[in-house]
Student: 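Sharing a structure here in structure tokens format.
This one's a predicted model, so the numbers in the text were calculated from it and none came from an experiment. Remember, it's 1-based here, ligands and their atoms both numbered in the order they're listed. Below, each value reflects all heavy atoms present in this structure, side chains not excepted, and no hydrogens, waters or symmetry copies.
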Amino acid sequence: MIKIENIVKSYRIGGEKLTVLKSVSLSIKEGSYISLRGPSGSGKSTLLNVIGGLEPIDSGGIWIEDQPVHSLKDHQLAKLRLKKIGYVFQQFQLLSTATALENVMMPLLSFFSSKMVKENAIEALKRVGLEHRMYHLPSRLSGGEQQRVAIARALVTKPRIILADEPTGNLDSETGHNIISLLEEIHQNDGVTIMMITHDNEIAERAIVQVQILDGKIQEYFTSSVLE
Ligand code: ADP
Ligand code: MG
């Protein structure tokens with residue numbers, strides 16, 4: 001369960017204060033599948049980043065299960081992210097000098113023995129159908145394959161929540177739909193909560209809960225009555 005209550009988030013640029021999230025509240029059930037739409041600059045990425053504790057908020061509260069994200073210290077946030085949250089980004093954000101396997105091992109390496117981390121990473125790569133590309137550098141993989149590696153990297157910590165910021169934004173439509181099918185399969189089989197930003201209406205409408213943001217406010221909150 002993710003609970004967001006009246007969050008306000010602003011950035012300071014020069015002397016100006018830019019309020020990006022204007023009292024946003026949202027309740028996300030465990031195992032939910034949420035899409036988040038809105039024009040460019042409306043605050044979508046900011047919302048995802050504050051949920052994951054990557055950005056502080058001005059006021060309001062965010063709770064993941066029973067943990068108050070807004071008041072955790074850095075080391076507590078790092079632990080929460082490691083245990084509960086996986087991120088997937090539009091630009092994949094893989095380390096270009098590391099193989100697919102090394103990229104997937106990365107989140108766990110400083111915490112566990114490398115043998116155990118390697119086994120887990122291979123398992124995650126199998127999960128996304130890429131064990132045959134383990135030793136490839138990102139530049140030797142297609143866009144869709146790079147995003148699969150990024151999803152494996154998100155899965156390797158066995159998260160309960162996946163936050164995806166326009167995961168298909170850099171992919172052609174067929175490859176994008178394959179990535180969405182993979183995320184949907186992870187949601188259905190593992191009960192992982194997925195919150196995904198997308199510009200693609202067709203993709204957004206496949207989610208159980210659809211949210212729209214306009215100018216830092218939640219505009220529409222639609223729960224599919226068939227699936228709920
Ligand atoms: P979206 O993902 O919906 O396109 P963002 O959440 O990235 O929008 O950004 C919302 C607004 O906040 C934009 O006007 C953007 O310029 C501004 N913004 C985002 N990140 C920062 C930052 N780190 N510093 C200052 N302004 C920012
Ligand atoms: Mg964005």
Student: Is any side-chain heavy atom of Ile64 less than 4.5 Å from a side-chain heavy atom of Arg160?
Tutor: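 No, too far: nothing below the 4.5 Å cut-off.
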
Student: Select one of side chain, backbone, both or neither to describe which atoms of Thr46 lie under 4.0 Å from any atom of ligand 1, heavy atoms only.
Tutor: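 The part of Thr46 near ligand 1 is both the backbone and the side chain.
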
Student: Protein heavy atoms near atom 25 (C) of ligand 1, is at least one of them under 4.0 angstrom away?
Tutor: yes

Student: Distance to 0.1 Å, residue and atom name: give those for the protein heavy atom nearest to atom 7 (O) of ligand 1.
Tutor: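 For this ligand atom, the closest protein heavy atom is Ser45 CB, 3.6 Å.
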
Student: Which class fits the ring pair His187 and Tyr33: parallel under 30°, tilted 30 to 60°, perpendicular over 60°?
Tutor: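 His187 vs Tyr33 ring planes: tilted.
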
Student: Considering heavy atoms of the protein only, find what lies nearest to atom 17 (C) of ligand 1 and give residue, atom and distance to 0.1 Å.
Tutor: Leu18 CD2, 3.9 Å

Student: Using a 4.0 Å heavy-atom cut-off, say whether Ile13 meets ligand 1 through its side chain, its backbone, both or neither.
Tutor: side chain

Student: Give the residue, atom name and distance (to 0.1 Å) of the protein heavy atom nearest atom 4 (O) of ligand 1.
Tutor: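 Heavy-atom neighbour on the protein nearest atom 4 (O) of ligand 1: Gly41 N, 2.7 Å.
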
Student: Please write down residue, atom name and distance for the protein heavy atom closest to atom 12 (O) of ligand 1.
Tutor: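 The answer is Val20 CG2, 3.2 Å.
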
Student: So, regarding Glu55 and ligand 1 (criterion: nitrogen or oxygen to nitrogen or oxygen, under 3.5 Å), is there a contact or not?
Tutor: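 The answer is no, given that Glu55 and ligand 1 share no N or O pair closer than 3.5 Å.
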
Student: Same cluster or not: are Leu77 and Leu54 linked, directly or through other Ile, Leu, Val, Met, Phe, Trp or Tyr residues, by side-chain heavy atoms under 4.5 angstrom apart?
Tutor: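 In one cluster with Leu77: Leu54, yes.
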
Student: If you count the atoms of ligand 1 from 1 in the order shown, which ones are under 4.0 Å from a heavy atom of Gly43?
Tutor: 1 (P), 3 (O), 6 (O), 8 (O), 10 (C)

Student: Any non-hydrogen atom of Pro39 lying under 4.0 Å from ligand 1?
Tutor: yes

Student: Ser40 heavy atoms, cut-off 4.0 Å: which ligand 1 atoms fall inside?
Tutor: 4 (O)

Student: Working to the nearest 0.5 angstrom, can you tell me the gap between Leu80 CG and Ile85 CD1?
Tutor: 4.5 Å

Student: Checking Asn201 against Arg37: is there a side-chain donor and acceptor pair closer than 3.5 Å?
Tutor: yes

Student: Quick check: does any side chain N or O of Gln146 sit under 3.5 Å from a backbone N or O of Leu141, one acting as donor and the other as acceptor?
Tutor: yes

Student: When you group the ILVMFWY residues by side-chain heavy-atom contacts below 4.5 Å and let the links chain together, are Leu137 and Val128 in the same group?
Tutor: no

Student: Are Ile51 and Val8 linked, directly or through other ILVMFWY residues, by side chains that come within less than 4.5 angstrom of each other?
Tutor: no

Student: Check whether any N, O or S atom of Ser40 sits under 2.8 Å from the Mg ion (ligand 2).
Tutor: no

Student: Considering all heavy atoms of both residues, which atom of Ala98 and which atom of Pro138 are nearest to each other, and what is their separation?
Tutor: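 Distance-wise, the nearest heavy atoms are O-CD, 3.0 Å.
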
Student: Which protein non-hydrogen atom lies closest to atom 23 (N) of ligand 1, naming both residue and atom, and how far is it?
Tutor: Tyr11 CE2, 3.5 Å

